[in-house]
2 protein chains.
Amino acid sequence: MTSSETAGRRGRRPGDSQTRTAILEAARVRFAHDGFRAATVRAIAADAGVDPALVMHYFGTKQGLFVAAMEFPLDPAQIVPRIVGPGIDGLGERLVRFLLGLVDELGEANPMLALVRSAVGHPDAARMMREFLGEAILDRVAAAVDADRPRLRADLCASQIVGILMARQVLALPELAAADREILIQVYGRTIQRYLTEPLESPAASR
Amino acid sequence: MTSSETAGRRGRRPGDSQTRTAILEAARVRFAHDGFRAATVRAIAADAGVDPALVMHYFGTKQGLFVAAMEFPLDPAQIVPRIVGPGIDGLGERLVRFLLGLVDELGEANPMLALVRSAVGHPDAARMMREFLGEAILDRVAAAVDADRPRLRADLCASQIVGILMARQVLALPELAAADREILIQVYGRTIQRYLTEPLESPAASR
């Protein structure tokens, strides 16, 4: 974003985009340094020299600010309820269908890869991602679970989803990268569904 | 480094460790540059100024050389047959039990994390890992599979295993990091077992 670009909505003044840029820059620094949870909108606003109400006006929530600062292509606050909303039935398949569609569409430009990259290299970035993923996605998925240990179940799902990203996009394992998307949706969808619903504690009984 | 240095386990001469170091250094450069598959023992030996027979004498195979060069704590050529050998029954559980034991034992010093780190950041490193993992682990697992598309099944397993590493070690998702190892062995073991055995193509029929 250059300072000559005026933000798209109607009636914004030329200074708006500079203000937004300053807020986003301050947010990136704060989130990286303090983590997602400890960073406050108040502190970010102060760093950017603006009123906290203006930050909320632009970005709605701290999550919205994070999404904009990290240049996510999508806001989990919008996507997750759409996938989780219809209920636990078929949730695994909906989740994997959405994810693989997104991954294939974004290709190399996938910003999730940049985030994985930085999380792998930097403990602070890993903490930031853990806290954001937890609040924006995993707690929301856990809330839809009707079984014991809902958040562990959401974490199990996350472990398979991150693994899909790594194995299909980063390592590009040959058969997995070439596999028909519909087969993967069914296979991984069943795994996610089981993580959300199957008994965890009595494995012997469930075989 | 001269080629007159001979190896011999007992009675190694002082020059031996310098020769080994030169070979390992040459191997790291070649593997990173050419990938695991295209790099030859002959070329690595030439780079190190030694006879190829000496490389084989020290390291046994190209895989063994790779394992030594990357400072793996274990050699897949030894471990994988031990896990796969008893057959497909219980393979998922054996694999996850071994992996989680290793991961917990190694902790922060886990060299797999360094490899993931470099694979995520560098396409050449990703290719090197893909080729080595394929030949040293995934093809061996696939060979034990008694179902259609054995290598796709091995790749599916790899995607969950890399995901465990990422979610439990790198992101350290809280419930997953704190979960009882035995529960994870059972839950993930079932997933791996299904990837190795369940029908892939007729998902509707298998539900």
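Lettering follows sequence order; numbering is per chain, from 1. We use all heavy atoms of the structure for the numbers below, so side chains are in, but hydrogens, waters and symmetry mates are not.
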Let me know if A:A172 has heavy atoms under 4.5 Å from chain B in its side chain, its backbone, both or neither. both
Evaluate the criterion salt bridge (Lys or Arg N to Asp or Glu O under 4.0 Å) for residue pair B:R149 and B:E198; output intermediate values, then yes/no. CA-CA 11 Å; B:R149 308 193 67 174; B:E198 77 176 357; over 6 Å; no
For B:P174, which atoms come within 4.5 Å of any heavy atom of chain A: side chain, backbone, both, or neither? both
To the nearest 0.5 Å, atom CD1 of A:I137 lies from atom SG of A:C157 at 12.0 Å
Exam field: side chain A:Q193 to backbone A:I88, donor-acceptor pair closer than 3.5 Å: yes
Applying the salt bridge (Lys or Arg N to Asp or Glu O under 4.0 Å) test to A:D139, which of A:R153, A:R37, A:R151, A:R130 qualifies? A:R151
With chain B, the option among A:V116, A:V120, A:I183 that has the most non-hydrogen atom pairs under 4.5 Å is A:V120
So which of B:L173, B:L133, B:V162, B:I161 has the biggest tally of heavy-atom pairs under 4.5 Å with chain A? B:L173
When the ring centroid of B:F72 is compared with that of B:F132, is the distance short of 6.0 Å? yes
For the interface with chain A, which of B:L165, B:L138, B:V170 has the highest count of heavy-atom pairs at distances below 4.5 Å? B:V170
Which atoms of A:R127 are under 4.5 Å from chain B, going by heavy atoms: the side chain, the backbone, both sets, or neither? neither
Contacting moiety of A:L184, where chain B heavy atoms sit under 4.5 Å: side chain
Against chain A, label B:R168 side chain, backbone, both or neither, depending on which of its atoms sit under 4.5 Å from a heavy atom there. neither
A:D146 CG: over 12 foreign heavy atoms closer than 6.0 Å: no
